[in-house]
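The structure appears below as structure tokens.
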Amino acid sequence: MTVALYDEPGPRARRRILVGSVIGAAALLLLGAYVAKRLDDTGQFRSEYWAPFGGAGVQRILLRGLLATLRAAGLALVLAIALGVVLAVGRLSERRVLRILSGAVVELFRAVPLVTLILFAFIGLPELGIDTGPYSSVVIGLTLYNGSVLAEIFRAGINAVPRGQVEAAYSIGLRKAAVLRLVLIPQAVRTMMPVIVSQMVVLLKDSALGFIVAFPELLRSGRRIYTNVGNVIPTAIVVAAIYITINLSLSAMANWLERRQGGGRRRRDRGEARLPPELGVGVPGGTGSGA
């Protein structure tokens with residue numbers, strides 16, 4: 001049996017997948033047990049290493065770092081989406097100069113490593129007379145890099161909208177800007193929402209690179225803790241758990257949006273099926289069915 005993206009596995013393939021899954025699960029359990037034993041042997045579970053996380057002082061440090069991370073990532077996300085839309089529209093423009101210029105900007109910022117963009121904003125821009133602190137440098141770097149990535153995501157989403165819808169929009173007298181704003185971009189955003197949320201997760205994790213310009217985000221807050229307490233691994237575990245919790249929340253939001261879109265489509269389908277028979281739309285034997 002063949003589905004959209006792959007061939008349905010047969011009995012032998014399913015047995016191989018089952019055996020591989022069992023072996024993989026056993027390997028992961030053994031690896032987890034080995035890591036836990038090594039942590040125990042080196043004393044990483046000692047209470048003096050973990051007790052500080054119950055104190056108000058350490059919790060305040062982590063909370064400030066978390067808020068700084070969310071503040072930088074949130075502003076960078078808004079600016080990156082705006083930049084991505086502008087660059088995507090430019091890449092789809094009928095004006096060759098605008099298309100080439102937008103493409104050059106996208107390729108440039110996609111090719112340059114994010115850490116280089118942050119360092120340039122922190123060290124290079126002040127040399128040009130533009131004052132930037134750690135917070136602005138992180139936001140600028142995240143915006144330029146993720147904006148160029150989102151531009152390609154938006155462009156792919158817009159190109160994926162069926163051509164017939166564009167032609168229908170032009171046929172009722174809409175201008176190109178209105179077609180883009182009312183027809184293409186809303187559908188592209190809905191289609192690409194899971195990918196956009198995945199890029200949000202990447203952006204949030206990349207905010208940890210603010211560590212190199214002394215931005216007091218979550219990772220740097222963790223450094224303050226283990227420098228004073230000497231519990232490097234427990235602090236790394238706690239910080240990683242916070243990142244994982246935030247990213248799982250974003251993934252849950254993406255799944256919720258996907259289910260909501262699916263529910264909306266199903267409701268629209270049911271609504272179309274409930275149209276009066278005299279319209280002949282969605283009704284077997286009606287004039288709209290072509291029968």
Practice prompt. For Y145, look at atom OH and say whether over 12 heavy atoms of other residues, nucleotides or ligands are found less than 6.0 Å away.
Written response: no
Worksheet item: With side chains defined as the heavy atoms from C-beta onward, is the minimum distance between L204 and L70 less than 4.5 Å?
Response: yes
Worksheet item: Would you say V58 and L67 are hydrophobically clustered, going by side-chain heavy atoms of ILVMFWY under 4.5 Å?
Response: no
Worksheet item: Honestly curious: do V202 and V239 fall in one hydrophobic cluster under the side-chain, below-4.5 Å linking rule?
Response: no
Worksheet entry | Ion pair R220/E217, N-O distance below 4.0 Å | no
Discussion item. Quick one: does any side-chain atom of S93 pair with a main-chain N or O of G90 as donor and acceptor, under 3.5 Å?
Written reply: no
Worksheet item: Under 4.0 Å between a Lys/Arg side-chain N and an Asp/Glu carboxylate O for R91 and E152?
Response: yes
Worksheet item: Is the side chain of E48 donor-acceptor paired with the backbone N or O of A51 at a distance under 3.5 Å, no angle test?
Response: no
Practice prompt. Keeping the roles fixed (side chain from R46, backbone from G43), state whether a donor-acceptor pair exists under 3.5 Å.
Written response: yes
Worksheet item: Taking C-beta and beyond as the side chain, do R155 and N159 meet within less than 4.5 Å on heavy atoms?
Response: yes
Item to complete: Look at the side chain of T69 and the backbone N and O of L218, then say whether any donor-acceptor pair between them is shorter than 3.5 Å.
Response: yes
Worksheet item: Are I158 and L180 side-chain neighbours, meaning at least one heavy-atom pair lies under 4.5 Å?
Response: yes
Discussion item. Hydrophobic cluster membership, with links at side-chain heavy-atom distances under 4.5 Å among I/L/V/M/F/W/Y: are L66 and I244 in one?
Written reply: no
Response to the item:
Here the pair of heavy atoms bringing A169 nearest to V179 is CB-CG2, 3.8 Å
Discussion item. Tell me whether R223 at atom CZ has more than 12 heavy atoms from other residues, nucleotides or ligands lying less than 6.0 Å away.
Written reply: no
Item to complete: State yes or no: do L92 and L98 share one hydrophobic cluster built from I, L, V, M, F, W and Y residues joined by side-chain heavy-atom distances below 4.5 Å, directly or via other members?
Response: no
Worksheet entry | Test item: N247 side-chain N/O and Y243 main-chain N/O as donor-acceptor pair under 3.5 Å | yes
Practice prompt. State whether the side chain of W50 and the backbone N or O of Q44 hold a donor-acceptor pair below 3.5 Å, judged by distance alone.
Written response: yes
Item to complete: Find out whether V149 and F109 are in side-chain contact, i.e. whether some heavy atom of one side chain is under 4.5 Å from a heavy atom of the other.
Response: no
Discussion item. Any side-chain to backbone donor/acceptor pair from Q165 onto V183? Under 3.5 Å, distance only.
Written reply: no
Worksheet item: Would you say I196 and V86 are hydrophobically clustered, going by side-chain heavy atoms of ILVMFWY under 4.5 Å?
Response: no
Discussion item. Could you tell me if the side chain of S207 sits less than 4.5 Å from the side chain of L142, heavy atoms only?
Written reply: yes
Item to complete: Assess whether side chain to side chain contact (heavy atoms under 4.5 Å, CB included) is satisfied between I81 and N146, documenting all intermediate values.
Response: CA-CA 8 Å; I81 290 176; N146 290 281; over 6 Å; no
Practice prompt. Report yes if the side chains of F122 and P134 come closer than 4.5 Å at any heavy-atom pair, otherwise no.
Written response: yes
Discussion item. I'd like to know whether L108 forms a side chain to side chain contact (heavy atoms under 4.5 Å, CB included) with L144, so could you lay out the CA-CA distance, the side-chain angles of the two residues, the decisive distance to 0.1 Å, and finally the verdict.
Written reply: CA-CA 10 Å; L108 171 65; L144 294 178; over 6 Å; no
